[in-house]
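Structure first, commentary second.
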Amino acid sequence: MFSYLSSSSILRPDPPAWLEPICQRLSSNDPTLQSVELPRGLQDTFTHEVARCLEENHIVTSLTISFFSIVDDGAYTIANALGNHLSIEKLQIRDLRNQREVNIFFEALSSNKRLREISLRHCSICPRAVRSFGLCLKNVPCLQEIRLTDTQFGGTAFGQLCYNLKFSETLARLYLVNNELQVTDMMSLKTLLCETKAPLEELHLSENNVNNDGLSILAEGLLKSHSLRVIELRSNSISELGAAFLQCVVVSNPNI
C-alpha cells in the first residue's frame, strides 16, 4: 500500500492508477512480468517506491522509463536501483534532458554489468554531460546495441561520444536516427568506424542532415570497416550522384 503523507506530514499527490499494480507485480516477482514500461505519469515523488520494488525484483529483463516528471533525486534513486539490478538487459530511456540529471543517472547506472541494449529518445546530451554517458557505455561489458533517437547533441558532445564508443569491444548495432547529425559529425563516425575495437555490424543513420559532403567523409570509414554489414541512410540529403557514390563504396567493401 502507498502512503500519501511524507514524514513532514505534507500531502503528496495521488499516484497514477497504473503504478501500484506494477509495483506489486515487481515486488512479488511475477514470472509473466518480464517487460515494464513506466510512462510520463511517473512523478519524482514516487520514484522511491519504484526503486524499492525494482531492487526486490529479479525477473524483469526490459524496462522503459520516462523522466519527463523526474528531477535530480528521482534520477539518482532510479539509476541506483538499476545499477544493482541483476536481470535487466534492455533499457529504454525517454525525456532525459537536464544536464545534471544525465550525469547523475549514468554515473549510478555504470555499475550495471548486464545491460545489452540501451535506447535514448527525446534526450539532450551536452559536452558536460556526455562524459558520464560515454563512460557508462564504455564500461558496460556486454553492450551490443545503442539506439539514440530524437537526441540533441550540444557542441562537441557527439564527437566525445564517438570517442568513448571506440573502446567498446562488444557493440554490434548503432542506431542514430533523427538526431540532426551534420557534416562535421560524419568525421567522428568515420574515426569510430576506422578505429573501433567492436564487431560493429549495423550503422543506422536515417532522418539526419547527411549530404554528399558528409557521405564522402563517412566513405573512408565504410571502406576500412572489417565488420560492417548494414549501412542505412534513408531520408537524408543525399543526391542521386551521392547515392551512386555510396553504391560504389558498398561494392568496394565485400562485407557490406
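As a basis for the values below, the full set of heavy atoms in this structure was taken, side chains included, without hydrogen atoms, waters or symmetry mates.
- Look at Arg173 and Glu202 and you find no salt bridge, because none of the NZ, NE, NH1 or NH2 atoms lies under 4.0 Å from a carboxylate O.
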Test side-chain contact (heavy atoms from CB on, under 4.5 Å) on Asn164 and Leu135 and set out the steps. CA-CA 7 Å; Asn164 280 294; Leu135 288 176; 4.0 Å; yes
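- Remark: the backbone N or O of Gln144 is not paired with any side-chain donor or acceptor of Arg116 at under 3.5 angstrom.
- Side-chain contact annotation: Thr149 with Asn178, donor-acceptor N/O pair under 3.5 Å absent.
- Within 6.0 Å of NZ in Lys113 there are more than 12 heavy atoms belonging to other residues, nucleotides or ligands.
- One finds the CD atom of Glu55 at 10.5 Å from the OG atom of Ser27 (value rounded to the nearest 0.5 Å).
- A side-chain donor-acceptor contact under 3.5 Å links Ser216 to the backbone of Asp213.
- Looking at Thr64 and Leu38, their side chains never come closer than 4.5 Å, going by heavy atoms from C-beta outward.
- Checked by atom type, the side-chain pair Thr156/Gln160 shows a donor-acceptor distance below 3.5 Å.
- Side-chain contact of His48 with Asp73: a donor-acceptor pair under 3.5 Å is present, judged by distance alone.
- For Asn211 (side chain) and Ser237 (main-chain N/O), no donor-acceptor pair under 3.5 Å exists by modelled atom type.
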Worked check of side-chain contact (heavy atoms from CB on, under 4.5 Å) between Val250 and Leu222: CA-CA 8 Å; Val250 170; Leu222 297 177; 5.8 Å; no
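- Side-chain contact between Ile146 and Leu171: present, with at least one pair of heavy atoms (C-beta onward) separated by less than 4.5 Å.
- Using a 4.5 Å cut-off on side-chain heavy atoms (C-beta onward), Trp18 and Pro39 make contact.
- The main-chain N or O of Val210 is found under 3.5 Å from a side-chain atom of Asn236 such that the two form a donor-acceptor pair.
- At a threshold of 4.5 Å between side-chain heavy atoms, the hydrophobic network of Ile, Leu, Val, Met, Phe, Trp and Tyr places Ile231 and Leu165 in one connected group.
- Going from atom CG of Leu96 over to atom CG of Leu120 covers 6.5 Å, rounded to the nearest 0.5 Å.
- Using a 4.5 Å heavy-atom threshold, the side chains of Asn179 and Leu205 count as separate.
- Taking both residues in full, the closest heavy atoms of Arg94 and Ser119 are given as NH1-OG, 3.6 Å, listed atom of the first, atom of the second, then distance.
- Applying side chain to side chain contact (heavy atoms under 4.5 Å, CB included) to Met187 and the options Ile217, Leu218, Leu192 leaves one that passes, Ile217.
- Checked by atom type, the side-chain pair Ser28/Asp30 shows no donor-acceptor distance below 3.5 Å.
- Within the 4.5 Å cutoff, side-chain heavy atoms of Val50 are placed close to those of Ile78.
- No donor-acceptor distance shorter than 3.5 angstrom exists from the side chain of His58 to the backbone of His85, with no hydrogens or angles considered.
- Rounding to the nearest 0.5 Å gives a distance of 6.0 Å between CG of Leu109 and CG of Leu82.
- The two residues Leu33 and Val60 have their closest heavy-atom pair at O-CG2, 3.2 Å.
- If you look at Phe105 and Phe133, their ring centroids are not closer than 6.0 Å.
- Comment: Glu220 engages Lys190 in a salt bridge, judged by a side-chain N to carboxylate O separation of less than 4.0 angstrom.
- Under a 3.5 Å cut-off, the side chain of Asp44 and the backbone N or O of Val71 do form a donor-acceptor pair.
- Side-chain contact between Leu176 and Leu181 is present, with at least one heavy-atom pair separated by less than 4.5 Å.
- Considering CG of Asp185 and CZ of Phe158, their distance stands at 5.5 Å, rounded to 0.5 Å.
- The closest donor-acceptor contact from the side chain of Ser227 to the backbone of Glu201 lies at 3.5 Å or more, if one exists at all.
- Side-chain contact between Asn84 and Asn112 is absent, with no heavy-atom pair separated by less than 4.5 Å.
- Atom CD of Glu180 has 12 or fewer neighbouring heavy atoms from other residues, nucleotides or ligands inside a 6.0 Å radius.
- Taking hydrophobic clusters as Ile, Leu, Val, Met, Phe, Trp and Tyr residues chained together by side-chain heavy-atom distances below 4.5 Å, Leu54 shares a cluster with Leu115.
- Hydrophobic clustering of Ile, Leu, Val, Met, Phe, Trp and Tyr side chains at less than 4.5 Å, counting indirect connections, unites Ile22 with Ile65.
- For the pair Thr61 (side chain) and Gln34 (backbone), a donor-acceptor distance under 3.5 Å is present.
- A donor atom on one side chain and an acceptor atom on the other are not found under 3.5 Å apart for Ser69 and Gln43.
- A distance of 11.5 Å separates CG of Leu63 from NZ of Lys90, quoted to the nearest 0.5 Å.
- Within 6.0 Å of atom OH in Tyr163, 12 or fewer heavy atoms from other residues, nucleotides or ligands are found, so the atom counts as exposed in its surroundings.
- Scanning both residues, Gly134 and Leu161, for their nearest heavy atoms gives CA-CD1, 4.5 Å.
- Considering only heavy atoms from C-beta on, Thr170 stays 4.5 Å or farther from Val140 through its side chain.
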Going through the distances and angles, do Val130 and Phe106 end up as a side-chain contact (heavy atoms from CB on, under 4.5 Å)? CA-CA 10 Å; Val130 74; Phe106 283 107; over 6 Å; no
Apply side chain to side chain donor-acceptor pair (under 3.5 Å) to the pair Ser132 and Glu107, showing each step before the final yes or no. CA-CA 6 Å; Ser132 59; Glu107 284 175 4; 5.0 Å; no
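- Environment of CZ in Arg100: sparse, with no more than 12 heavy atoms of neighbouring residues, nucleotides or ligands closer than 6.0 Å.
- We find the SG-CD1 distance between Cys136 and Ile118 to be 5.0 Å, quoted to the nearest 0.5 Å.
- By the rule that hydrophobic residues join a cluster once side-chain heavy atoms approach within less than 4.5 Å of another member, Phe153 and Val183 end up as members of one cluster.
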List the steps, then state whether side-chain contact (heavy atoms from CB on, under 4.5 Å) holds for Ile238 with Leu233. CA-CA 9 Å; Ile238 299 172; Leu233 286 157; 4.2 Å; yes
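- Between Tyr175 and His204, the ring planes lie parallel to each other; the angle is under 30°, not in the 30° to 60° tilted range.
- At a threshold of 4.5 Å between side-chain heavy atoms, the hydrophobic network of Ile, Leu, Val, Met, Phe, Trp and Tyr places Ile256 and Leu246 in one connected group.
- Using a 4.0 Å cut-off between charged side-chain N and carboxylate O, Glu101 and Arg97 make no salt bridge.
- Heavy atoms only, all atoms of each residue included: Ala129 and Val102 are closest at CB-CG1, 3.7 Å.
- Not one N or O on the side chain of Asn208 forms a donor-acceptor pair closer than 3.5 Å with the backbone of Val177.
- Remark: the backbone N or O of Leu148 is not paired with any side-chain donor or acceptor of Thr151 at under 3.5 angstrom.
- Annotation for Leu200 and Leu193: closest pair CD2-CD2, 3.8 Å, computed over non-hydrogen atoms.
- The two residues Ser188 and Gly159 have their closest heavy-atom pair at OG-CA, 3.4 Å.
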